[in-house]
Amino acid sequence: MQTACQAVQHQRGRRQYNKLRNLLKDARHDCILFANEFQQCCYLPRERGESMEKWQTRSIYNAAVWYYHHCQDRMPIVMVTEDEEAIQQYGSETEGVFVITFKNYLDNFWPDLKAAHELCDSILQSRRERENESQESHGKEYPEHLPLEVLEAGIKSGRYIQGILNVNKHRAQIEAFVRLQGASSKDSDLVSDILIHGMKARNRSIHGDVVVVELLPKNEWKGRTVALCENDCDDKASGESPSEPMPTGRVVGILQKNWRDYVVTFPSKEEVQSQGKNAQKILVTPWDYRIPKIRISTQQAETLQDFRVVVRIDSWESTSVYPNGHFVRVLGRIGDLEGEIATILVENSISVIPFSEAQMCEMPVNTPESPWKVSPEEEQKRKDLRKSHLVFSIDPKGCEDVDDTLSVRTLNNGNLELGVHIADVTHFVAPNSYIDIEARTRATTYYLADRRYDMLPSVLSADLCSLLGGVDRYAVSIMWELDKASYEIKKVWYGRTIIRSAYKLFYEAAQELLDGNLSVVDDIPEFKDLDEKSRQAKLEELVWAIGKLTDIARHVRAKRDGCGALELEGAEVRVQLDDKKNIHDLIPKQPLEVHETVAECMILANHWVAKKIWESFPHQALLRQHPPPHQEFFSELRECAKAKGFFIDTRSNKTLADSLDNANDPHDPIVNRLLRSMATQAMSNALYFSTGSCAEEEFHHYGLALDKYTHFTSPIRRYSDIVVHRLLMAAISKDKKMEIKGNLFSNKDLEELCRHINNRNRAAQHSQKQSTELFQCMYFKDKDPATEERCISDGVIYSIRTNGVLLFIPRFGIKGAAYLKNKDGLVISCGPDSCSEWKPGSLQRFQNKITSTTTDGESVTFHLFDHVTVRISIQASRCHSDTIRLEIISNKPYKIPNTELIHQSSPLLKSELVKEVTKSVEEAQLAQEVKVNIIQEEYQEYRQTKGRSLYTLLEEIRDLALLDVSNNYGI
């Protein structure tokens, strides 16, 4: 009801109101909004002296009575309210109209919904506690927030600054930063974030909130701490001098609370007893270090102490040290794989419920009894490439969702034709259909280390929209005519096509063919049943096509390189699992030239589609921008390169790319890899935007060195590409002077959609990284680091801190921190045999080195890019995720024992040891089979486990960062 919605806005704020509106708009919920204030019989004027709440309650009741009579008194109407006075007044006034509390509604209408009853009880208990507390407590823990009108006036005048609170998870109790936002970022003279030091200055704001900050006088400014630190445990003991003072402020108000579901752990039995007199009020610890402890009321603390649990925050009063919240649901047992994966999903606000019946009813059918076929109408409308073009795909092994295929051929005039053919998802997904709304909500396919959660149902993603070999499929194609010698583009054609992919190649096979190793043909199924003559002819045709594509890709890449395109380090760890989902191996992904060939073709297609849709719809096209990074972010890169005698020029993407190409140490290729990784870390995130919201000079993609760029090539797994496909089809219709089918998003709606997709992409990146870290920890967890050879590895120092160094482990493709000073104040010492031990002493840090000197005069110096021997172990945590610990055990490079030489010469190939670890995990799982089997059958069916298209790893600049476990330490 309209009045009920406005009551939410009036009482709970715009964010809750917008959430409610979005729920109502969502066709999956089958809700209708009744504009009762515009209905003649329902409208009631507000009486003189009547409060807003009383008038809203009276209006809602009056509309409920009208609707009951409108339904000819046949359908009882329930009005739910927590207003006891309204229940007394209206409860028995009209037969057939029930005015009851939500608790009574559940008891009478849904008595069997156990989870809903528990949640309701938890919320009511939390509310009672809050009311009692506010009556009892008079002392204030925090200052009151300023009224909204004062905050808005202060922002306008420049007295206050608006921004998003970002808590440092390594010093969550003392250090947070506010990144300027909106008008504040344009009008302010500040070039850095604002430091918020301590919980009092944070004033009840939580990580992610949009806050209003007042700057403190300059003599009260503080600096950020530069020492390594393990989350909160070292906050007080660190004693390290902070860096230069920076703008420091305090929070005076919150414009938008971005509270979400939080995963927490209950205290152990001993901790509960130490929490004091009222054991029903429990302080639970969030999994995310950046979130403060939450006080909830429950009688199940002892029962839940071994589980990960979801809670919500209800309020944070100025009289309370901690926020108050309520219990929502149990996720799973601490340390159990499914429970930990569920934690990662909840923490990133990822919902992975199976597709609904209504959504599946919209899907086409493709079964042996009723196979899908190309329709005659589509044959008339589309260009048929099935007989004229050799079309093939190159993807990772086991890939099911084949978005893209390629073709190249010689035309009659001698020129070449290059084709990129992308799955025509929009043919099957109509705008605003149930499946379209679901795909828009998910925004992307989520790839975790051992599984994926699809944006679209598998009948599309793995079948009818997957461009598999030997079957007819609908595609959207871009075909360029290229000059036979210079490969310059002569003309371009866009349109819908029908294709039949001849080969579904995997990257390694395509690379072998490119290198001239034709023996790999035995691994390509399409060649198996051919006679020798046909096989030879088809093989020659395929080898020519791959070679020609690679030549064209080299030319296109060289052209972008000339404009300053960046090639950044992208070694990402892949978790290899066996059939039972146990860890079989950790393998850094190896780049091949054929990866770049596919990537360049996709980048070319994305670039040309971006130009096309912008020309047709200059104010409502979805493009992707990559802003140039802030120069101060490059300072560490420049200093590190200087230590090796290299100069990195960061004035433009061209000078940066050239500098990185020249920064090669012939004796140590790891140096260039690390410098490229640091350049990656300095980059801004690439973001989607609506062209109506940005000036054209802001469209530029810094990393790819292109003036306009978008995402068009992966509509199976990215909703942005679906929007772009619709824009391209509309542009083609516009060129043909045809009617544009379906309404395109306005600039305002598109900008809102871009914000949502950008948010979901960040969640996808975080969840993928966190799941890989989870499996990495599981890989090392059962090994004894003191005796296990595989826990010893070579490490390279890439950054110096006041109390330690940051290391890169090439074998595993991971980064992490190693302390040179421990918690007892002892420093590292390396004797004549180079083995390390802890002794009393001190550390002295210089720009490119750090020296540890013991009290008896021994000293050891570690320089940037030194190779050292590292022991890898796991730091277990009950309340948070486990983390990888690195310890320097020798200041000399690691010498690989002969028995291991064959394994360690390349990055972590398969080993018997890993199989043994897998076996032990498997045995542990079998022992707990009954407990583990808590996942519903439909959930297990829904979970999918195949890989992703690797070209995106080369395309996405920000995503190419090395897996960085140094984020688990203060940096």
Side-chain angles (χ1 to χ4, degrees), residues 13-15 140-227 229 232 235-236 238 240-259 289-292 316-321 323 627 629-635 682 684-685 970-971:
R14 178 159 286 276
R15 184 164 181 262
K140 295 217 180 294
E141 297 288 343
Y142 299 96
E144 291 292 348
H145 293 143
L146 298 177
L148 183 61
E149 56 271 20
V150 175
L151 297 175
E152 288 174 342
I155 293 166
K156 215 172 251 184
S157 69
R159 180 181 176 183
Y160 301 139
I161 297 159
Q162 174 184 335
I164 297 172
L165 187 80
N166 191 7
V167 177
N168 178 355
K169 75 172 184 176
H170 314 292
R171 298 174 182 83
Q173 292 298 308
I174 58 168
E175 208 168 76
F177 301 91
V178 170
R179 181 147 291 175
L180 307 191
Q181 186 195 42
S184 297
S185 61
K186 291 172 189 165
D187 305 336
S188 173
D189 296 330
L190 295 169
V191 290
S192 72
D193 297 342
I194 298 166
L195 172 66
I196 309 295
H197 191 271
M199 292 297 288
K200 291 280 185 200
R202 213 177 295 172
N203 195 4
R204 295 170 287 146
S205 54
I206 288 175
H207 176 79
D209 285 355
V210 179
V211 297
V212 179
V213 173
E214 180 178 44
L215 277 180
L216 297 174
K218 280 200 175 180
N219 62 349
E220 293 181 36
W221 287 9
K222 299 180 186 295
R224 66 171 82 205
T225 314
V226 291
C229 159
D232 288 345
D235 280 345
K236 292 169 186 161
S238 158
E240 299 289 345
S241 57
S243 60
E244 287 296 305
M246 64 185 292
T248 307
R250 64 186 185 95
V251 173
V252 294
I254 302 173
L255 290 181
Q256 185 175 306
K257 291 173 179 166
N258 283 322
W259 297 350
Y289 283 101
R290 299 168 300 186
I291 309 303
W316 196 347
E317 307 301 332
S318 61
T319 53
S320 175
V321 178
H630 296 291
Q631 284 300 309
E632 62 266 27
F633 293 168
F634 283 126
S635 56
S684 315
N685 281 316
I971 294 173

N258 side-chain N/O to G208 backbone N/O, donor-acceptor pair under 3.5 Å: yes
Side chain to side chain contact (heavy atoms under 4.5 Å, CB included) between V211 and I196, worked out: CA-CA 11 Å; V211 297; I196 309 295; over 6 Å; no
Quick one: does I206's side chain get under 4.5 Å of K257's, heavy atoms only? no
Separation between CE (M246) and CD1 (I194), nearest 0.5 Å, reads 8.5 Å
Sub-4.5 Å side-chain heavy-atom contact between E220 and T248: no
Quick one: CD1 on I161 to CG on L215, what's the gap to the nearest 0.5 Å? 4.0 Å
What are the two closest heavy atoms between F177 and D193, and how far apart are they? CB-CB, 4.1 Å
Distance from E214 atom CD to R250 atom CZ, nearest 0.5 Å? 4.5 Å
Any donor-acceptor N/O pair, S320 side chain to S318 backbone, under 3.5 Å: no
Shortest non-hydrogen contact between Y160 and L146, atoms and distance: OH-CD1, 3.3 Å
Note, V252 side chain near V150 side chain (heavy atom, < 4.5 Å): no
Sequence-distant partners of Y142, ring-ring contact (aromatic ring centres under 6.0 Å, His included), two or more places apart: W316
Close side-chain approach of D209 and W259, heavy atoms under 4.5 Å: yes
If you round to the nearest 0.5 Å, how far is CG of L151 from CZ of R159? 10.5 Å
With a 4.5 Å limit on heavy-atom distance, are the side chains of V167 and R202 in contact? yes
H145 side chain to N203 backbone, donor-acceptor under 3.5 Å: yes
Where is the tightest heavy-atom contact between S205 and I254, given as atom of each residue plus distance? CA-CD1, 3.7 Å
NE2-CZ distance between H170 and R290, expressed to the nearest 0.5 angstrom: 9.5 Å
Going from CG on N166 to CD on E175, what distance comes out if it is rounded to the nearest 0.5 angstrom? 11.0 Å
Any carboxylate oxygen within less than 4.0 angstrom of a Lys/Arg side-chain nitrogen, looking at K200 and E141? yes
